[in-house]
J.: 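What follows is a single structure, and I will ask about it in a moment.
Numbers restart at 1 for each chain; the letters A, B, ... are given by sequence-line order, proteins then strands. Computed from a predicted model, the values in this text were never measured in an experiment. Reckoned from all heavy atoms, side chains included, excluding hydrogens, waters and symmetry mates.
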Amino acid sequence: MKYNYGAIEQKWQKYWEDNKTFDVTIDTSKPKFYGLVEFPYPSGAGMHVGHIKAYSGLETIGRKKRLEGYNVLFPIGFDAFGLPAENYAIKTGIHPRVSTDNNIAHFSDQLKRVGFAFDWSRVIDTTDEDYYKWTQWIFLKMFENGLAFRDKTLVNYCPSCKVVLSNEDSQGGKCDICHSDIVQKSKDVWYLRITEYCEQLLQGLSEVDYLPNIKLQQENWIGKSTGAFVNFELVGADEKLRIYTTRPDTLYGVTFMVIAPEHPVIDANSATIKNMDAVLEYRAECAKKTEFERTQLVKEKTGVKLDGLSAVNPITGKEIPIYISDYVMMGYGTGAIMAVPAHDQRDYEFATKFGIDIIEVIKGGDISKEAYTGDGEMVNSGVLNGMTNKKDSIAKMLKYLEEKGIGEKGVQYKMKDWAFNRQRYWGEPIPIVHCEHCGMVAVPYEELPLRLPKVQNFEPGSDGESPLAKIDDFVNCTCPKCGKPAKRETDTMPQWAGSSWYYLRYCDPKNSEALASKEALEYWMPVDWYNGGMEHVTRHMIYSRFWHKFLYDIGAVNTSEPYAKRTAQGLILGPDGEKMSKSKGNVVDPLDVIEVYGADVLRVYTLFMGDYEKAAPWSDSSVKGCKRFLDRVWALQDVLVDGDSYRPEFTSKMHKMIKKVTSDIDNMKFNTAIAAMMTILNDFTSFGSINRAELKDFLIMLYPFAPHITEEMYEALGFGGYIHDAKWSSYDEALCKDDEIEIAVQINGKLKERVMISADAEQAEVLEIVKANEKIASELAGKQIVKEIYVKGKLVNIVAR
RNA sequence: GCCGCUGUGGUGGAAUAGGCAGACACAAGGGACUUAAAAUCCCUCGGAUUAACCUCCGUACCGGUUCAAGUCCGGUCAGCGGCACCA
């Protein structure tokens, strides 16, 4: 009988849904396992094979954990706010609510057709007002605690999307969404003070089990550096110029200073600076450039020397000039640097161009050619002379600076505050009222959710204003504090908002009193295992860790970290080895695969195609191989014989296979787990039979990968109950070993022969057997044995001359 | 530029903690079954040499450590990812 995957898969999907097989409740009698996958953006295009791979990993782990007795929470939801729905609305006039609901229905249907063991009673939609009520609640808590604030700054602005973008959304000077060039614009922006949590976010990494490269990326993103702040006296002004440096020990080599064009010291001393015209002109030029032009282009250094304002090197007492230049940024450190041209390439280029002295203070390079950035002996540096250890010389200088009150130890982070508003409709309204008398006032908690009003026109305003600004009913309100007429904030939150806490809501998705009950959070949190794409390990993960740490600090959650473990799957590339994209026409539709081969084949293939963590190209013919595998599993029914324990010839094979599949699943080595099952299947097929005991455990091993076919066979063959309620098979370590094993025999490290020996044989015994071997004996004839090595159960190596 | 990762047959990939390189699949070639095709089953499948056995070479490249290196060390090249005038 042929395997009719279409009917069988439908049958079991319906069974799971009707019986709520994977819906879970708190059960303190069992250990819990919370497996989390990144919830999708429900795009109109529907699901992608990448989704399948991303979800199949934890799906397989979760199904196995369930058989091992865990209470498994494996939820799904939709991250549904965002630009595509809004752009679609602008184009078609269809309200984002309508298209989003359609897309969610479509996505849900597709996910069900793959047979994922999601708890469908806990589905989340970030655009649901019962959900975003709590997103707004968290925002208000941050506002209350001074972590949400408004500031006027130059922002990255996309003239095409008409939105302000965070640095993260405008990498490379291009808009993340439409790829237009970004320009700089002065605007009032909402920020979340994530920088307050730099150190905690960094320290927290030592408590969690993330893949090493994920930790590293987060560390780089936070970008901690240690150094010193040093205050330089000014000639021509009373105040001091404060700089940040990582190498205070090079202070003797400082021959000039550079400040950012926007540095406030310029305006404070505009009367003293004689060439203010030139300075302002340079500043205006810089303002025109985008962040990209300022930072990305390797170009010649430019700048203007301040005329009438200079500084004093605090350690040499020499007067040194101050320049403004755009290679110093206002956003890092203090916006001012001490320049050490001999040992910093940028300072070197600048000094060379402007004819400034270059003083060597670290020996080892040739400063007539380029800056020397390596280590070496300190020279021309007073008390530091002769020191060769960087750490020691920095410590000595720091001590001196602190004693003299010139400077102190300091720490800097590259991470910047999070620009937290978009001038868009389809997002969570920021629950703030602007009152002429009271300033910014929080919408009272009991008025949440602050609902998105219905609008007709989704086009942003001409000046990048939110479409909400055109809704008078929405904008005009009364101040919650003084009761006088006031205006609502019309910006909405960025897409990262809803996904920053969704894993908490899954614990208790219908709670109307809190984001989740204490009881639910205590039982389910933290997420035991979070899997997703590498592209989300910095922004999304750092943002959500930040929110979580804040919620922990205000007592709203019970763990300091949200995710105990994080892994990432590799991309599925197109059959041509290129990244899948519509324009390249190399996109594989998972539903087509289900149509032709069935959902089990699709699932098995995405896990078998290669190392789960690495990118691998799609191969249609390899999919066929997985289909063949499942057909051969189905055909085992034709060669089934009775037996309630493993037969001798399969005992150790079964135990080894169970051991391998068990540990491989735990380590996400799905490809080798499947290979082990293929191997033993080949053994059964060529042997000509399988008995009931063997088949039962084989099916249980295969179940997490291919649940439909295994449910069906398990039921049809009458193994009792359902496979999703079965117990995960155990193995006996002692039975994984064979009595007789084959070992390799090498002479001088080269393989010459293989011999069978008993597994527990000792070296002397083994060597005796080996030397009795005809071939080895002849190889050794006339040679002198220098050394004999026996690696137990593996090989013998005889060194002979 | 800095940091990190990777490099294995025609292809995807295996190879505890230095111990038989190429598991498992795909593709290809040959055969069986079939009127034929598909499906299925069997055989071959890193390279050189050979009728065959044997033997030699082989994990990007060069060198080293070791009885033994895909694995460890030093250097080179290539590809990928992250950060990037971060002081």
J.: For N797(A) and G749(A), indicate whether the former's side chain and the latter's backbone hold a donor-acceptor pair under 3.5 Å.
T.: yes
J.: Kindly point out which of rC56(B), rA87(B), rA14(B) is positioned nearest to the side chain of K752(A)?
T.: rC56(B)
J.: When the C1' atoms of rG30(B) and rU65(B) are compared, how many Å lie between them, rounded to an integer?
T.: 47 Å
J.: By the 4.0 Å heavy-atom rule, please label N682(A) as base, sugar-phosphate, or nothing.
T.: sugar-phosphate
J.: Decide, yes or no, whether a salt bridge links E38(A) with R566(A) under the criterion of side-chain N to carboxylate O below 4.0 Å.
T.: yes
J.: For rC24(B) and rC45(B), measure between their C1' atoms and round to the nearest Å.
T.: 15 Å
J.: Looking at the side chain of M678(A), which of rA87(B), rA25(B), rC56(B) is the nearest nucleotide?
T.: rA25(B)
J.: Check whether the side chain of K624(A) and the base of rC26(B) form a donor-acceptor pair under 3.5 Å.
T.: no
J.: For the side chain of V799(A), counting heavy atoms from C-beta on, which of rA25(B), rC83(B), rC67(B) is nearest?
T.: rC67(B)
J.: Could you tell me how far rG47(B) sits from rC53(B) if I compare only their P atoms? Round to whole Å.
T.: 14 Å
J.: For a quick check, tell me whether the side chain of N797(A) and the base of rC67(B) share a donor-acceptor pair closer than 3.5 Å.
T.: yes
J.: To the side chain of K794(A), which of rC57(B), rA87(B), rU16(B) is closest?
T.: rU16(B)
J.: Test of understanding: with salt bridge (Lys or Arg N to Asp or Glu O under 4.0 Å), list the residues that count as partners of K614(A), not counting sequence neighbours.
T.: D611(A)
J.: Can a donor-acceptor pair be found, under 3.5 Å and without considering hydrogens, that links the side chain of Y372(A) to the backbone of D375(A)?
T.: yes
J.: Expressed in whole Å, how much space separates the P atoms belonging to rG7(B) and rG12(B)?
T.: 12 Å
J.: Determine the Euclidean distance between corresponding C1' atoms of rU50(B) and rG31(B); express it in Å to zero decimal places.
T.: 24 Å
J.: Give the nucleotide from the list rA87(B), rG19(B), rC85(B) with an atom nearest to the side chain of Y327(A).
T.: rC85(B)
J.: By nearest atom, which of the nucleotides rA25(B), rG82(B), rA87(B) is closest to the Q217(A) side chain?
T.: rG82(B)
J.: Between rA14(B), rG19(B), rG12(B), spot the one nearest the side chain of I789(A), thanks.
T.: rG19(B)
J.: Sticking with atom P, work out how far rA38(B) lies from rG19(B), rounded to a whole angstrom.
T.: 45 Å
J.: Taking all atoms of both residues into account, what is the closest heavy-atom pair of V340(A) and D347(A), and its distance?
T.: N-OD2, 2.9 Å
J.: Touch check for Y413(A), heavy atoms < 4.0 angstrom, all strands: base, sugar-phosphate only, or nothing?
T.: nothing
J.: Check the chi torsion on rG82(B) and let me know: syn if it falls within 90° of 0, anti if not.
T.: anti
J.: With P as the reference atom in both, quote the distance from rA51(B) to rA32(B) in angstrom, rounded to an integer.
T.: 26 Å
J.: I want to confirm an ordering. Mapping Y612(A) and R247(A) to their closest nucleotides on RNA chain B, which one lands closer to the 5' end?
T.: Y612(A)
J.: Contact class for G625(A) vs. all strands (heavy atom < 4.0 Å): base, sugar-phosphate, or nothing?
T.: sugar-phosphate
J.: Where the side chain of R628(A) is concerned, which of rA23(B), rA87(B), rC26(B) is the nearest nucleotide?
T.: rC26(B)
J.: Below 6.0 angstrom between ring centroids: does that apply to F608(A) and F629(A)?
T.: no
J.: With respect to the side chain of S621(A), which nucleotide from rA23(B), rC83(B), rA27(B) is positioned closest?
T.: rA27(B)
J.: When the P atoms of rG63(B) and rC57(B) are compared, how many Å lie between them, rounded to an integer?
T.: 15 Å
J.: Under 4.0 angstrom, heavy atoms only, what part of the nucleic acid is Q345(A) near: base, sugar-phosphate, or nothing?
T.: nothing
J.: Taking the side chain of A675(A) as its heavy atoms from C-beta onward, which of rC83(B), rA87(B), rA23(B) lies nearest to it?
T.: rA23(B)
J.: Once you apply a heavy-atom cut-off of 4.0 Å, does L216(A) come out as touching a base, just sugar-phosphate, or nothing?
T.: sugar-phosphate
J.: For Q218(A), check side chain to side chain donor-acceptor pair (under 3.5 Å) against everything at least two apart and list the hits.
T.: R545(A)
J.: With heavy atoms under 4.0 Å as the rule, sort D631(A) into base, sugar-phosphate or nothing.
T.: nothing
